[in-house]
Colleague: 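Just passing along the structure, written as structure tokens.
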Number of protein chains: 2
Amino acid sequence: MAVTIYEVAKKAGVGIGTVSRVLNDSPQISPATRAKVLKVIKELNFQPHAMAQSLARRKTHTIGVVVPFFTGYFYVELLRSIQRALSQHKFDLILYGVDDLQKRDASLKRALQQRRVDGVLLVSMNLAENFAVEFQRRRLPLALVDAYYDQFDSITVNNQEGAYSAPHHLIRLGYRHIAMLTGHFESIPAQTRLHGCQRALQEAGMTLPEGMIITSDTVLGEAARLNDGFNQEAGYLAMRNFLAHQPRPDCPLAVFATSDIQAIGAIKAVKESGLRIPDDIAIIGFDDIEFAEYAGLTTVRQPMAEMGLKAVERMMALLENADLAPEHVRLDTKLVVRESCGAAKLQPALVQSSPHLN
Amino acid sequence: MAVTIYEVAKKAGVGIGTVSRVLNDSPQISPATRAKVLKVIKELNFQPHAMAQSLARRKTHTIGVVVPFFTGYFYVELLRSIQRALSQHKFDLILYGVDDLQKRDASLKRALQQRRVDGVLLVSMNLAENFAVEFQRRRLPLALVDAYYDQFDSITVNNQEGAYSAPHHLIRLGYRHIAMLTGHFESIPAQTRLHGCQRALQEAGMTLPEGMIITSDTVLGEAARLNDGFNQEAGYLAMRNFLAHQPRPDCPLAVFATSDIQAIGAIKAVKESGLRIPDDIAIIGFDDIEFAEYAGLTTVRQPMAEMGLKAVERMMALLENADLAPEHVRLDTKLVVRESCGAAKLQPALVQSSPHLN
DNA sequence: ATGAAAGCGCTAACAC
DNA sequence: GTGTTAGCGCTTTCAT
């Protein structure tokens, strides 16, 4: 079939060991034979068989990436940067797209037991304890991205600070009537962001009364359950409810949506109710998905590209030495000012709004 | 280290061949021993080593997918459906993200020569002849998605029909003043769409004068060169040029943008010029990217999910028998009516506008 | 039906 | 330096 080291060896008049050494550029080999072998390799257009190498080396040179089925800019951008970094290190990436927990577990099991990968990057998903134990037992490097687990490396975003900066921005602009639109209450990011938001308000001597917390928990329907309520439909419905029960505001209202996708839904609800943005209601989002720029949505950007890069760097370190103590990197968010808070004139181009910058 | 068939065999008191047979559920094995072996496998929590299997079977159970670095909904959706279908067949997917032609070739070379994959899905990229030859020589299954090459299977979208249906829709709505906004002239899809568009106009006794073809070729700057001019910036600039040189239209103008992303840019230009959509200018797009729904953009949807599914099905067939004659599937587009052509009242809900339908 | 043995294509330890 | 050999963990004849 395809050409093997045996043929190369024969044609070059050397042993297969020598060919192997040339392949792995071993230091102790005479320049002469190295050149000779290299020449034959070129001639035969030989490339080593990846599977055979993997088997012999006990290394696959492949990383498994488990991602929730990447809808939305956040995951795309993240995956893109992971892939880019991985290929720079000459690693392949096996993509495990996951849309439910069952598939998540199947992917992890597969990665763990079939030894198809040298390490796993788990994105935006929490890790069940039994898997944690397995990973440690197998000593299979694992790093969490946009998720946290004490015993493993993690790259997260400073949700607290991000959620602080949004209302802080609103307050600076003069808003005194602030509501928060969020996903399901039990979701961890929802809670973290709530705390950040509350802190900002408290520092300004304000509070976030319960009536001003617009949560997708109030929303019915199957669609609204997706992704912990962080979806467009839930944002739309929750906002519509809110507007219906809320007396017409007497002073400018600002809404902090804890995800851009919900903000999009909320904007739709606001427009439908005949109110204008930002004149009647200001909206600030979270994530900086692709939409946001188009919609002129002021938002808090997560540094996706950097997350991916850092995750891969960390993975490479773990590959060198699996015994490194877990490191928890927390990256900072960045306020991206656009038009949805009426701040365009006050804060001209505080931040570049084009993606692909970091 | 990890448990192997040898340990299983020993503990079950059988030979390794028997264990292997159980694993591959060979028919000729007594129910008794099968049960016995299965039990030990459970006890030892044994899973076969994927690399060893690959080496012995000369099959990797993995498909390489080469995608242009998937910015935008089209690629995400496509990739998602490919991954889903692949995992249903218990195949892994190695992702080769590519942002330039050099990386494309490197990925193909890698896939071809290192035998890490059983087949390749090449998305939205044309195939150089030397690679075509290589693929055939190696008998490595290859299918093109959103691209065409005579000797290999391909799944494409009926660009002609799609590009016909857009102006046809405009004409039905009463527009008599129609322009087309497209990417670089030499790009194949640009030409195909031009022909479809012209056909629609001709059938209505109209023509597309050169001045009404707004192409990104007129646009300067590096950004405008990306992706054959099918990008937001190019759409914006080209449209701005057009509006600047065009006398204020005396009758309603409609613009067919041959990609949604350009349409987005065009919308921006229109709004900046103080004109309204659809009142002054109607816009219809192509692709139905995620934006489109939010922007209320009437557009022509490409059946991404179906493309992915079909591509994988075809790949599975090729895996069975690499000698199948190449099949060229051409899927139909679907007109998605929203508000950007002012057709909301005339054509109520002609088509559901929610994604994930096909 | 099942055990033994010969690969699959490579790496790495061991000789010389 | 370089050839030889023994694995890596499995599949698959070939006997029996």
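The sequence lines fix the lettering, A, B, ..., with proteins before strands; numbering per chain opens at 1.
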Colleague: Which residue is it: B:H328, B:E327, B:M315, B:K310? I am looking for the one with a side-chain contact (heavy atoms from CB on, under 4.5 Å) to B:D153.
Modeller: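 When B:H328, B:E327, B:M315, B:K310 are each tested with B:D153, the side-chain contact (heavy atoms from CB on, under 4.5 Å) holds only for B:E327.
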
Colleague: Give the rounded distance in Å between these two atoms: CZ of A:R57 and P of D:dG9.
Modeller: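 One finds 16 Å between P of D:dG9 and CZ of A:R57, rounded.
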
Colleague: What's B:S20 touching, base or sugar-phosphate or nothing? Going by heavy atoms closer than 4.0 Å.
Modeller: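 The answer is base, as B:S20 lies within the cut-off (heavy atoms under 4.0 Å) of a base atom.
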
Colleague: Take atom CD of A:E7 and atom C1' of C:dC8, then tell me their distance rounded to the nearest Å.
Modeller: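 Taking CD of A:E7 and C1' of C:dC8, I get 14 Å after rounding.
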
Colleague: Nearest 0.5 Å, please: how far is CZ in B:R110 from CG in B:D105?
Modeller: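 One gets 14.5 Å once the value is rounded to the nearest 0.5 Å.
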
Colleague: Heavy atoms only, 4.0 Å cut-off, all strands: where does A:I29 land among base, sugar-phosphate and nothing?
Modeller: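 Sugar-phosphate: the residue A:I29, judged by heavy atoms under 4.0 Å, touches backbone atoms but no base.
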
Colleague: For side-chain hydrogen bond (donor to acceptor under 3.5 Å, both in side chains), just list the numbers for A:Y148 and A:D146, CA-CA rounded to whole Å, side-chain angles, deciding distance to a tenth of an Å, and then say yes or no.
Modeller: CA-CA 7 Å; A:Y148 184 88; A:D146 188 38; over 6 Å; no

Colleague: Select from B:R21 and B:A52 the residue whose nearest nucleotide in DNA chain C is closer to the 5' end of that strand.
Modeller: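 The 5'-side residue here is B:R21.
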
Colleague: Please report, rounded to the nearest Å, how far the P atom of C:dC10 is from the CD atom of B:Q114.
Modeller: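 From B:Q114 CD to C:dC10 P: 11 Å.
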
Colleague: Output the rounded distance in Å from NZ (B:K59) to C1' (C:dG9).
Modeller: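 Going from B:K59 (NZ) to C:dG9 (C1'), I get 16 Å.
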
Colleague: Grab the CE-C1' distance between B:M51 and D:dT11 for me, whole Å please.
Modeller: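 Taking atom C1' of D:dT11 as the reference, CE of B:M51 is at 16 Å.
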
Colleague: Using a cut-off of strictly less than 4.0 Å, decide whether A:R58 has a side-chain nitrogen or oxygen near OP1 or OP2 of D:dC8.
Modeller: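 Result: no.
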
Colleague: Respond yes when some side-chain nitrogen or oxygen of B:Q53 is under 4.0 Å from OP1 or OP2 of D:dT11, and no when none is.
Modeller: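 Indeed, a polar side-chain atom of B:Q53 lies that close.
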
Colleague: Heavy atoms under 4.0 Å, any strand shown: does B:T33 hit a base, just sugar-phosphate, or nothing?
Modeller: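 Touches sugar-phosphate only.
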
Colleague: Nearest to the side chain of A:L55, heavy atoms from C-beta on, is which of C:dT11, D:dC10, D:dC8?
Modeller: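 From the listed options, D:dC8 comes nearest.
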
Colleague: Return the value, rounded to whole Å, for the distance between atom CD1 of A:I16 and atom P of C:dT11.
Modeller: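 Interatomic distance, CD1 of A:I16 to P of C:dT11: 9 Å.
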
Colleague: A:K10 has an atom NZ; how far is it from atom P of C:dC10, in whole Å?
Modeller: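 Computing the A:K10:NZ to C:dC10:P distance gives 14 Å.
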
Colleague: Rounded to the nearest angstrom, tell me the gap between atom NZ in B:K36 and atom P in C:dA1.
Modeller: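 Those two atoms, NZ and P, are 14 Å apart.
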
Colleague: Select one nucleotide: of D:dG1, D:dG9, C:dC10, the one nearest the side-chain heavy atoms of A:Y6.
Modeller: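 The answer is C:dC10, which lies nearest to the side chain.
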
Colleague: If you look at every strand shown and take non-hydrogen atoms under 4.0 Å, does B:V19 touch a base, only sugar-phosphate, or nothing?
Modeller: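 Result for B:V19 = nothing.
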
Colleague: On DNA chain D, does the nearest nucleotide to B:I5 precede the nearest nucleotide to A:G17 from the 5' side, or the other way round? Give the residue.
Modeller: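 That would be A:G17.
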
Colleague: Could you report the tightest heavy-atom contact between B:R104 and B:N126, atom names first, then the distance?
Modeller: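 B:R104 and B:N126 have their closest heavy atoms at NH1-O, 2.8 Å.
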
Colleague: So A:T62 and A:D92, side-chain hydrogen bond (donor to acceptor under 3.5 Å, both in side chains) or not? Walk me through it.
Modeller: CA-CA 5 Å; A:T62 303; A:D92 280 334; 4.7 Å; no

Colleague: Measuring from the side chain of B:Q28 (C-beta onward, heavy atoms only), which nucleotide among C:dA1, D:dT2, C:dT11 has the closest atom?
Modeller: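 Closest nucleotide among those given: C:dA1.
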
Colleague: On the nucleotide D:dG3, are OP1 or OP2 found under 4.0 Å from the side-chain N or O atoms that A:T18 carries?
Modeller: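 It does, given that an N or O in the side chain of A:T18 lies less than 4.0 Å from OP1 or OP2 of D:dG3.
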
